[in-house]
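To keep things clear, I will list the structure first and then write my remarks on it.
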Protein chains: 2
Amino acid sequence: MEAASGGTSISSDRLAHLTGHTAAQVRRDLAYFGNFGKRGVGYSVSDLSNQLVSIVGIDHNWNMALIGAGNLGKALLAYKGFEQRGFKIVGAYDNDARKIGSTISNLTVESLSKLSESAKRLDIQLAIIATSAESAQEVLDLSVDSGIMAVLNFAPVRLNAPDTVQIANVDLTVEVEYLSYWLTNK
Amino acid sequence: MEAASGGTSISSDRLAHLTGHTAAQVRRDLAYFGNFGKRGVGYSVSDLSNQLVSIVGIDHNWNMALIGAGNLGKALLAYKGFEQRGFKIVGAYDNDARKIGSTISNLTVESLSKLSESAKRLDIQLAIIATSAESAQEVLDLSVDSGIMAVLNFAPVRLNAPDTVQIANVDLTVEVEYLSYWLTNK
DNA sequence: TTAAGCATGTGAGAATTTTCACATAATAGA
DNA sequence: TCTATTATGTGAAAATTCTCACATGCTTAA
């Protein structure tokens, strides 16, 4: 169980068991990024972790803008999971005059018109869109204009962006609909 | 543009454009469930919608239990998207004595020990797990024992359940990590 | 030093998914 | 009625993804 680097090691078989994949799949996927394992031994847990952290790019902090300070936006501001992994929400923006100026989790909600200036000043690379479906495309366009290159979209719409901007969609209703399908057809 | 049934119709080409897929893919996927289209015309929007609503099983309501009344849980209770699509949260549960008895969005948070009885009484088929990663497996086991067959899991862990129970995972950190990878390696 | 045991990394093949391309059915206009 | 046009549904090919199985390298023990 001891790897050369001193740490405990883990086999592809065990990783597969833990993640719900097959051992061959784990080996192939890891081999895509490099030869991290040691034949006859396995993968050094600490080495592997360091390598992956570096590859995924979470070895340094990213600054994020939260756009949309409704229920979901508030929850995301309060959510500790992002910051733990190096994703820090440094600005919150909304178009609703009743929300602008209010403070949530130590951040003051600003007018959306401030986004472009803030993005540059605060070095924001990533935006979270937690607006309604109707406003989302407009907000995305503004984000792109502000130089933001990656977007986490919670609005239930397919957004159009240039290829230089990456969008990850989180659609909660799609997930429950999948479960509904399963319950219906099981 | 008019389909036989009277409604407006839409082509696979246009559906593809709207959803970000190819026309051939749209046709094959729809054909898997039945021959909904009309050659030379397209798909009747209203017919297609009805068919899909029925296949996905959202032509009737589902009752859900929310487990974990932290920030995320509160946001999910306040989120309108579920109810709009026929998913109704009819019970909220937590183990934290400070949360039990409090009211969020017209629902009183109950002790987790009440889940099993409530699930039967309220005909709950679906659970949302919005607890910490540490509690999630335990909460899942309890849900399974309570007869719940489908689970939407927000805790960042891979849960083990019998094959008769379906789990959909929503891991927000995975999504931002994907964006981080993209920003790092673009 | 040698042999036995272990687990990686990876060709080769299998399985799955996607795309191509066209026969077929429906519609509209002359 | 006949012709031109349109867009589905689907075989067949292409591309991609996953699995099998084993040569290879590392470790331990005698």
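All chains are named by letter (A, B, ...) in the order of the sequence lines, taking the proteins before the strands, and each is independently numbered beginning at 1.
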Phosphate OP1/OP2 of C:dT8 contacted by A:Ser12 side-chain N/O (<4.0 Å): yes
Phosphate OP1/OP2 of D:dG9 contacted by B:Tyr43 side-chain N/O (<4.0 Å): yes
Scan nucleotides 11-13 of chain C against the protein and return all N/O pairs shorter than 3.5 Å with their distances rounded to 0.1 Å.
| residue | atom | partner | partner atom | Å |
| --- | --- | --- | --- | --- |
| C:dG11 | N7 | A:Arg28 | NH2 | 3.2 |
| C:dG11 | O6 | A:Arg28 | NH2 | 2.6 |
| C:dA12 | N6 | A:Arg28 | NH2 | 3.0 |

Closest listed nucleotide, where the reference is the side chain of A:Ala31 and the choices are D:dC26, D:dT10, C:dG9: C:dG9
With sequence neighbours excluded, residues passing side chain to side chain donor-acceptor pair (under 3.5 Å) with B:Ser12: B:Arg27
Distance below 4.0 Å between A:Arg39 side-chain N/O and C:dA7 OP1 or OP2: no
B:Trp62 and B:His60 aromatic ring geometry - parallel, tilted or perpendicular at 30°/60° bounds: tilted
Contacts of B:Ser113 that satisfy side chain to side chain donor-acceptor pair (under 3.5 Å) - sequence neighbours left out: B:Ser111
DNA chain C: 5'-proximal contact among B:Ala24 and A:Gly37 (nearest heavy atom): A:Gly37
Atom of B:Ser9, atom of B:Gly42 and distance for their closest heavy-atom approach: CB-C, 4.5 Å
Side-chain donor-acceptor contact under 3.5 Å, A:Ser135 with A:Ser132: yes
Side-chain N or O of B:Gln25 closer than 4.0 Å to phosphate OP1/OP2 of C:dT17: no
Nucleotide C:dA7, atom P - distance to CZ of A:Arg27 in whole Å: 11 Å
Side-chain donor-acceptor contact under 3.5 Å, B:Asn63 with B:Asp123: no
